[in-house]
Amino acid sequence: MMTSRQSPNDLLAALPSAEFELLRPYLRPVVLDFGQVLIEAGAPVRLVMFPHSGIVSTLARLQRGETIEVGVIGRDSVVGGAAALYGAPSSTAAIVRFCGAASAIEVGHFRTIVELSPALREALLLDQSSRAIKAEQTAACNAAHTAEARLCRRLLQSREMAGSDTMLLSQDLMAQMLGVKRNTISLIAHGLQQKGLIRYSRGRMAITDVDGLIRRSCECRRVDRLPVAALPVRPCATGLTLRPAPEFVQAQRTPS
């Protein structure tokens, strides 16, 4: 449902009203159900989705069969935008991790409007670059920080994106989030529960001590909390170049 804010999706809400009106007739509301596969890896994108709420995971599958989460998408971003923009199959799968809602548009209409809307093109390029930077930060985090600190960070990130202290998170899903074995998650979750930071039973996670999780989280959560517009962006073909925001630089230098 559209609001007076133009759209519940931050990317769409930031567009000039005239350019949003190009999209509006082709946007339709969709429900994002937990576990729903929005995009298959290697398949063409048929619908581009702008989340209003919920969390969408992007997943990469390795040759040995493991599936690893390589990104998360919320209401400040778009699902399938880059692949649709370039007419390429999606390199990753996209699966709903926390239920919500979105505006969807068919790829043909989306690509036509991108050609007519400079602001939408710039927003998509900014989003694509910013997500790449966050993925690089996560790669560094995986190499430098303990699994417990990373899980605390990701639980806090999920809480903030979902707007809820309670969520469905199986041990398999948490293992995908961190790229670790399921038994590693079992040991960490048991330890966090013993310390009173979480309650966990049958795939349902409840965060009971936010401050405690913050203290045990790595400093990378500072970058998770920055809005897309505050992240440094590489030069692109359209000439868009932004300097690193002071908050980003401080997040890199200041320990949590």
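None of these values were measured; they are calculated from a predicted model. One-based numbering along the sequence shown. Values below: every heavy atom of this structure, side chains too, minus hydrogens, waters and symmetry copies.
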Problem set entry | Derivation of the side chain to side chain contact (heavy atoms under 4.5 Å, CB included) call for K195 and R216 | CA-CA 11 Å; K195 294 178 176 69; R216 303 185 79 85; 3.5 Å; yes
Exercise. Under the salt bridge (Lys or Arg N to Asp or Glu O under 4.0 Å) criterion, do R153 and E219 qualify, and how do the steps go?
Worked result: CA-CA 8 Å; R153 168 204 171 194; E219 71 267 21; over 6 Å; no
With a 4.5 Å heavy-atom cut-off, do [X] and [Y] have their side chains touching?
{"X": "L47", "Y": "I105", "result": "no"}
{"X": "I198", "Y": "D209", "result": "no"}
{"X": "V78", "Y": "I73", "result": "no"}
{"X": "L15", "Y": "L23", "result": "yes"}
{"X": "Q194", "Y": "H190", "result": "yes"}
{"X": "V56", "Y": "L38", "result": "yes"}
{"X": "R150", "Y": "M177", "result": "no"}
{"X": "I207", "Y": "L213", "result": "yes"}

For this session: Dump the intermediate steps for side chain to side chain contact (heavy atoms under 4.5 Å, CB included) on N183 and L187, then the final yes or no.
Result: CA-CA 6 Å; N183 62 340; L187 291 171; 5.6 Å; no
Assigning hydrophobic clusters by single linkage (Ile, Leu, Val, Met, Phe, Trp, Tyr; side-chain heavy-atom cutoff under 4.5 Å), is [X] placed with [Y]?
{"X": "V37", "Y": "F34", "value": "no"}
{"X": "I185", "Y": "L59", "value": "no"}
{"X": "I95", "Y": "V30", "value": "no"}
{"X": "V31", "Y": "V96", "value": "no"}
{"X": "V210", "Y": "L151", "value": "yes"}

For [Y], does its backbone N or O pair with a side-chain atom of [X] as donor and acceptor, under 3.5 Å?
{"X": "Q36", "Y": "D33", "value": "yes"}
{"X": "S130", "Y": "L126", "value": "yes"}
{"X": "R121", "Y": "V114", "value": "yes"}
{"X": "Q157", "Y": "R221", "value": "no"}
{"X": "T138", "Y": "K134", "value": "yes"}
{"X": "T58", "Y": "G71", "value": "yes"}
{"X": "S158", "Y": "R154", "value": "yes"}
{"X": "N9", "Y": "L12", "value": "yes"}
{"X": "S90", "Y": "A41", "value": "no"}
{"X": "Y200", "Y": "Q171", "value": "yes"}

For this session: Output, in order, the C-alpha distance, side-chain angles, deciding distance and verdict of side chain to side chain contact (heavy atoms under 4.5 Å, CB included) for V48 and V79.
Result: CA-CA 6 Å; V48 176; V79 180; over 6 Å; no
Rounded to the nearest 0.5 Å, what separates atom [atom1] in [X] from atom [atom2] in [Y]?
{"X": "R159", "Y": "L155", "atom1": "CZ", "atom2": "CG", "answer": "11.0 Å"}
{"X": "M205", "Y": "Q193", "atom1": "CE", "atom2": "CD", "answer": "8.5 Å"}
{"X": "L178", "Y": "I188", "atom1": "CG", "atom2": "CD1", "answer": "6.5 Å"}
{"X": "R61", "Y": "T67", "atom1": "CZ", "atom2": "OG1", "answer": "3.5 Å"}
{"X": "S186", "Y": "M174", "atom1": "OG", "atom2": "CE", "answer": "9.0 Å"}
{"X": "S129", "Y": "L124", "atom1": "OG", "atom2": "CG", "answer": "12.5 Å"}

Exercise. Would R97 and S57 satisfy side chain to side chain donor-acceptor pair (under 3.5 Å), going step by step from the backbone distance to the final call?
Worked result: CA-CA 6 Å; R97 177 147 66 81; S57 289; 2.8 Å; yes
Exercise. Parallel, tilted or perpendicular for F110 and F50, by the 30°/60° rule?
Worked result: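 Taking F50 first and then F110, their aromatic rings sit tilted (interplane angle of 30° to 60°).
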Exercise. In terms of heavy-atom contacts, does CZ of R75 have more than 12 from other residues, nucleotides or ligands at under 6.0 Å?
Worked result: no
For this session: Decide if atom CD of E40 counts as having more than 12 heavy atoms of other residues, nucleotides or ligands within a radius under 6.0 Å.
Result: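 No.
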Considering all heavy atoms of both residues, which atom of [X] and which atom of [Y] are nearest to each other, and what is their separation?
{"X": "A60", "Y": "V70", "value": "CB-CG1, 3.9 Å"}
{"X": "H52", "Y": "S103", "value": "NE2-OG, 2.7 Å"}
{"X": "V107", "Y": "A84", "value": "CG2-CB, 4.1 Å"}
{"X": "S53", "Y": "L32", "value": "O-CD1, 3.9 Å"}
{"X": "C152", "Y": "L192", "value": "SG-CD2, 4.0 Å"}
{"X": "S117", "Y": "L22", "value": "CB-CD1, 4.4 Å"}

For this session: Give the C-alpha distance, both sets of side-chain angles, the deciding distance and a yes or no for side chain to side chain contact (heavy atoms under 4.5 Å, CB included) between Y86 and Q128.
Result: CA-CA 12 Å; Y86 300 118; Q128 184 181 357; 3.4 Å; yes
Looking at [Y] and [X], is any side-chain nitrogen of the basic one under 4.0 Å from a carboxylate oxygen of the acidic one?
{"X": "D127", "Y": "R131", "answer": "yes"}
{"X": "D10", "Y": "R5", "answer": "yes"}
{"X": "E106", "Y": "R28", "answer": "no"}

Exercise. S7 and R24: side chain to side chain donor-acceptor pair (under 3.5 Å), yes or no, with the steps?
Worked result: CA-CA 9 Å; S7 171; R24 189 177 61 80; over 6 Å; no
